[in-house]
Student: 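Here it is, the structure in full.
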Amino acid sequence: QVQLVESGGGLVQAGGSLRLSCAASGRTLSRFGMGWFRQAPGKEREFVAIINRSGDDTEYADSVKGRFTISRDNAKNTVWLQMNSLKPEDTAVYYCAATFSLGIWVTESQYAYWGQGTQVTVSS
């Protein structure tokens with residue numbers, strides 16, 4: 001079992017930045033690929049970013065490429081999502097998730113553990 005707790009969400013103006021954190025406990029984070037997802041009101045949950053176990057490979061949704069950066073520190077059991085140039089359409093609840101799968105080509109169903117989410121609201 002692994003417990004994931006997100007933090008760092010909040011209200012920010014368009015063009016601003018936020019840094020989300022995902023702290024893991026229960027098992028060593030280095031055993032998991034880690035992803036970020038988001039769900040806006042009335043919409044399905046969507047993939048945002050993923051980072052592999054060692055942190056040397058990442059992938060992003062087209063909508064956030066060039067603006068968001070996923071990173072991790074396995075020694076600190078923490079994953080981050082740096083979000084820059086935020087837009088109102090980035091408003092959503094953001095979730096981190098852990099997968100046993102290797103690599104970065106992972107479907108949502110392959111994530112074994114999920115956090116409770118943190119709200120990000122971007123005002124125009």
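Since the model is a prediction, treat every value here as computed from it, not as a measurement. Just so it is clear, the values below take in all heavy atoms, side chains as well, and ignore hydrogens, waters and symmetry mates.
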Student: Find out whether W114 and E108 are in side-chain contact, i.e. whether some heavy atom of one side chain is under 4.5 Å from a heavy atom of the other.
Tutor: yes
Student: Determine whether the aromatic ring centres of residues F68 and Y60 are separated by less than 6.0 angstrom.
Tutor: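 Distance test on ring centres: not under 6.0 Å, no.
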Student: Just verifying a value: how many Å separate D56 CG and I104 CD1, rounded to the nearest 0.5 Å?
Tutor: 10.0 Å
Student: What I'd like to find out is whether the side chain of R45 reaches to under 4.5 Å of the side chain of V93, using heavy atoms alone.
Tutor: no
Student: I need the minimum non-hydrogen distance between T91 and V122, along with the two atoms involved.
Tutor: OG1-N, 2.9 Å
Student: Does T99 reach the main-chain N or O of Q110 with its side chain, forming a donor-acceptor pair under 3.5 Å?
Tutor: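 It does hold such a pair.
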Student: Using a strict threshold of under 4.0 Å (side-chain N to carboxylate O), is an ion pair present between R38 and E44?
Tutor: no
Student: Quick one: are S17 and Q82 in side-chain contact, heavy atoms under 4.5 Å?
Tutor: yes
Student: Atom SG of C22 and atom CD of E6: how far apart are they, to the nearest 0.5 Å?
Tutor: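 Those atoms lie 5.5 Å apart.
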Student: Got R19 and M83 here, is their nearest side-chain heavy-atom distance under 4.5 Å?
Tutor: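 Of all side-chain heavy-atom pairs linking M83 with R19, none is under 4.5 Å.
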Student: Backbone N or O of D57 within a donor-acceptor pair of the N52 side chain at under 3.5 Å?
Tutor: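 Checking the backbone N and O of D57 against the side chain of N52, a donor-acceptor pair under 3.5 Å is found.
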Student: Taking all non-hydrogen atoms of both residues, which atom of G8 and which atom of L18 are closest, and how far apart?
Tutor: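 That would be O-CD2, 3.8 Å.
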Student: If every non-hydrogen atom of A92 is compared with every non-hydrogen atom of A40, which pair is closest and at what distance?
Tutor: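 So the minimum-distance heavy-atom pair works out to CB-N, 3.8 Å.
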Student: Quick one: do W80 and M34 end up in the same hydrophobic cluster if we chain Ile, Leu, Val, Met, Phe, Trp and Tyr together by side-chain heavy atoms under 4.5 Å apart?
Tutor: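 No, W80 and M34 fall in different hydrophobic clusters.
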Student: Can you tell if the side chain of R53 reaches within under 4.5 Å of the side chain of F32, non-hydrogen atoms only?
Tutor: no
Student: For the side chain of R72 and the backbone of L29, is there at least one donor-acceptor N/O pair under 3.5 Å apart?
Tutor: yes
Student: Are I70 and V79 close enough, and set up right, to give a side-chain contact (heavy atoms from CB on, under 4.5 Å), and what steps lead you there?
Tutor: CA-CA 7 Å; I70 188 171; V79 178; 4.0 Å; yes
Student: For the residue pair R67 and K87, establish whether any side-chain heavy-atom pair is separated by less than 4.5 Å.
Tutor: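 Contact flag for R67/K87 side chains = yes.
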Student: Is there a side-chain contact between L20 and T118 in this structure, where contact means two heavy atoms from C-beta onward sitting under 4.5 Å apart?
Tutor: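 Yes, close enough: below the 4.5 Å cut-off.
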Student: Under 4.5 Å between any side-chain heavy atoms of N84 and L86, yes or no?
Tutor: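 Of all side-chain heavy-atom pairs linking L86 with N84, none is under 4.5 Å.
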Student: Check W36, W105, Y111 against I50 for a side chain to side chain contact (heavy atoms under 4.5 Å, CB included) and give me the one that passes.
Tutor: Y111
Student: Please lay out, stage by stage, how Q39 and Y94 fare under the test side-chain contact (heavy atoms from CB on, under 4.5 Å).
Tutor: CA-CA 7 Å; Q39 187 167 21; Y94 283 71; over 6 Å; no
Student: Are K65 and D62 ion-paired here, with the side-chain N under 4.0 Å from a carboxylate O?
Tutor: yes
Student: Identify the two heavy atoms, one from L4 and one from A24, that lie closest to each other, and give their separation to 0.1 Å.
Tutor: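 Heavy atoms of L4 and A24 come nearest at CD2-CB, 3.7 Å.
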Student: Looking only at the side chains, is there a donor atom on one of S30 and T28 sitting less than 3.5 Å from an acceptor on the other?
Tutor: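 Note: S30 and T28 side chains miss the donor-acceptor criterion.
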Student: Calculate, to the nearest 0.5 Å, the distance between atoms OG and CG belonging to S21 and L81 respectively.
Tutor: 9.5 Å
Student: Kindly compute the distance separating CD1 (I51) from SG (C96), expressed to the nearest 0.5 Å.
Tutor: 12.5 Å
Student: Can you establish whether the number of heavy atoms outside Q119 located under 6.0 Å from its atom CD is more than 12?
Tutor: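 Yes, CD of Q119 has more than 12 neighbouring heavy atoms, counting only those of other groups under 6.0 Å.
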Student: Do T78 and D73 pair up side chain to side chain, a donor and an acceptor below 3.5 Å, judged on atom types alone?
Tutor: no
